[in-house]
Amino acid sequence: MKTDGKIYVAGHGGMVGSAIVRKLKEKGYTNIVGRRSSELDLTRQADTEAFFAEEKPDYVFMCAAKVGGIYANNTYPADFIIRNLQMESNVIHAAFRNNVKKLMFMASDCIYPREAPMPLKEEYLLTGPLEPTNRPYAMAKLAGIELCEAYNRQYGTNYISCLPANLYGPGDNYDLENGHVMPSLLRKFVEAVENDSPAVTVWGTGTAYREFLHTDDMADACVFLMEHYDANTLEKEDPYARETVNVGFGKDITIKELVGILAEITGFRGEIVWDITKPDGTPRKIADSSKLFNMGWRPQIALKDGIRQTYLDYLENRHKYRS
Ligand code: GFB
């Protein structure tokens, strides 16, 4: 990416988008544009195309998405598939029509088959049934990856995509019903300590494994890939080779272990109540990030340090976050 190139960060106000804006500025990219969803509705094709025709960005980070935890995905399946399909197809097609030089599409590692071998390799995509609790979202994100690779093959575009692990960090969504596990549990523990509650209810059995990556590491990986990784560079003879790239941390923990870390960091000493009426979801989804690691990137934020930083950020800024 050229430092004076115009960079559009779609979803610049969200947890990942705002981390990418911070990282871009830190690395000397200053020509950054963004639009709040109230200013630009990316589910509307005409509005999206008008924006691209007016701004003509050189580079695009497509972080805008309808996201949520296991309960939200399981409760609003139609919202998750239609909104993500609309946004990604509008942005990717408008990027093509306006000659965007390079685009990064963000998927998620929850789109792998539920029973895929661990650690997850990019070529395992679409090789088996998906996790039912978030299948609509996963289908939309799989379509986004295919869109990028199809435009690259047909038009020679340079649209790359990545599959991050479970992200956490400042600016997350702390809604207890619809949020992801990390922010939801962090808030539950903070409020239990503040209210001197005797117990915290945690969903599921606690046996599911999750790989957590701090959003600042994710932003660093995305900028790194936009600077160093191009589409159409794979050996063509392998029809199963995928251009998409896993962005993981390299280690996973059980929800039970996460609960122990959160109790320690927040100072909660009460009882943990397991609500087994709530689903565990995918039993495990640790990524093989060797494709990215072999390019020379590594995550820098250890899990406990990242959770402690996120806890302190939450105490200071929770009045600004969705909850
Ligand atoms: O982040 P999460 O909601 O979604 O994590 P996924 C769910 C796991 O955490 C399940 C347990 O094993 C839950 O039983 N859990 C325990 C909780 N307590 C809680 C709680 O209070 N809130 C939540 N939310 N979970 C998502 C996909 O899957 O991964 C999304 O549905 C997205 O599409 C995201 O891709 C990264 O990790 O199961």
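On a predicted model such as this, the values are computed, not experimentally measured, just so you know. Quick note: numbers below take in every heavy atom, side chains included, and nothing from hydrogens, waters or symmetry partners.
At a threshold of 4.5 Å between non-hydrogen side-chain atoms, the residues F105 and K141 count as touching. Side chains of Y59 and M104 form no contact here, defined as non-hydrogen atoms less than 4.5 Å apart. Side-chain contact between K291 and N246 is absent, with no heavy-atom pair separated by less than 4.5 Å. W274 has its side chain within reach of V259: a pair of non-hydrogen atoms, C-beta onward, lies under 4.5 Å apart. Using a 4.5 Å heavy-atom threshold, the side chains of V202 and L185 count as touching. A heavy-atom distance below 4.5 Å is not found between the side chains of Y112 and L142. V181 has its side chain within reach of L258: a pair of non-hydrogen atoms, C-beta onward, lies under 4.5 Å apart. Put simply, the side chain of I92 reaches to within 4.5 Å of the side chain of Y159, judged on heavy atoms.
Under a 4.0 Å N-O distance rule, the pair E146/R242 qualifies as a salt bridge. With respect to R97 and E49, a salt bridge is recorded, a charged nitrogen being found less than 4.0 Å from a carboxylate O. Salt bridge absent: R318 and D313 never bring a charged side-chain N and a carboxylate O closer than 4.0 Å. Ion pairing of K23 with D220 is present here, as a side-chain N (NZ or NE/NH1/NH2) and a carboxylate O approach within less than 4.0 Å. Salt bridge status for K121 with D288: present, with a side-chain N to carboxylate O gap under 4.0 Å. Taking 4.0 Å as the cut-off between side-chain N and carboxylate O, R114 and E131 count as a salt-bridged pair.
For the side chain to side chain contact (heavy atoms under 4.5 Å, CB included) test with V9, the passing option among V16, V33, I20 is I20; the others fail.
Ring-centre distance between Y314 and Y321: not below the 6.0 Å cut-off.
In this structure a side-chain-to-backbone donor-acceptor pair under 3.5 Å is present from Y229 to E243. A side-chain donor-acceptor contact under 3.5 Å links Q300 to the backbone of R298. Looking at D109, its side chain never comes within 3.5 Å of a backbone N or O of I286 through a donor-acceptor pair. Between the side chain of R135 and the backbone N or O of L130 there is no donor-acceptor pair closer than 3.5 Å. The backbone N or O of L42 lies less than 3.5 Å from no partner atom in the side chain of Q86, so there is not a single donor-acceptor pair. Without hydrogens or angle criteria, E55 side chain to P57 main chain gives no donor-acceptor distance under 3.5 Å.
For the pair R284 and Y209, the cation sits on the ring face: its NZ or CZ lies under 6.0 Å from the ring centre, inside 45° of the axis.
In this structure, Y71 has no ring pair (Phe, Tyr, Trp, His ring centres under 6.0 Å) partners at least two apart in sequence or on a different chain. For K101, the salt bridge (Lys or Arg N to Asp or Glu O under 4.0 Å) partners at least two apart in sequence or on another chain are D58.
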Apply salt bridge (charged side-chain N to carboxylate O under 4.0 Å, His left out) to the pair D79 and K66, showing each step before the final yes or no.
CA-CA 8 Å; D79 295 350; K66 167 76 176 165; 5.1 Å; no

Kindly indicate, with the supporting measurements, whether the criterion side-chain contact (heavy atoms from CB on, under 4.5 Å) is fulfilled by T201 and I272.
CA-CA 6 Å; T201 299; I272 304 297; over 6 Å; no

Steps toward side-chain contact (heavy atoms from CB on, under 4.5 Å) verdict (M182, T310)
CA-CA 10 Å; M182 181 72 82; T310 306; 5.7 Å; no

Pair H93-Y151, side-chain contact (heavy atoms from CB on, under 4.5 Å): steps then yes or no
CA-CA 9 Å; H93 190 64; Y151 276 71; 2.8 Å; yes

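If you chain together ILVMFWY residues whose side-chain heavy atoms come under 4.5 Å of each other, Y76 ends up grouped with V67, F80, Y137.
The number of heavy-atom neighbours closer than 6.0 Å to CE of M1, taken from other residues, nucleotides and ligands shown, is above 12.
Within the model, atoms CD of E191 and CG of L186 stand 10.0 Å from one another, a figure rounded to the nearest 0.5 Å. Atoms CH2 and CG, from W203 and D275 in turn, are 8.5 Å apart once rounded to the nearest 0.5 Å.
Between N152 and N158 the shortest heavy-atom distance is OD1-N, 3.6 Å. Taking each heavy atom of K102 and I160 in turn, the nearest pair found is CE-CD1, 4.1 Å.
Note: H214 and Y168 have perpendicular aromatic rings, judged against thresholds of 30 and 60 degrees for the angle between ring planes.
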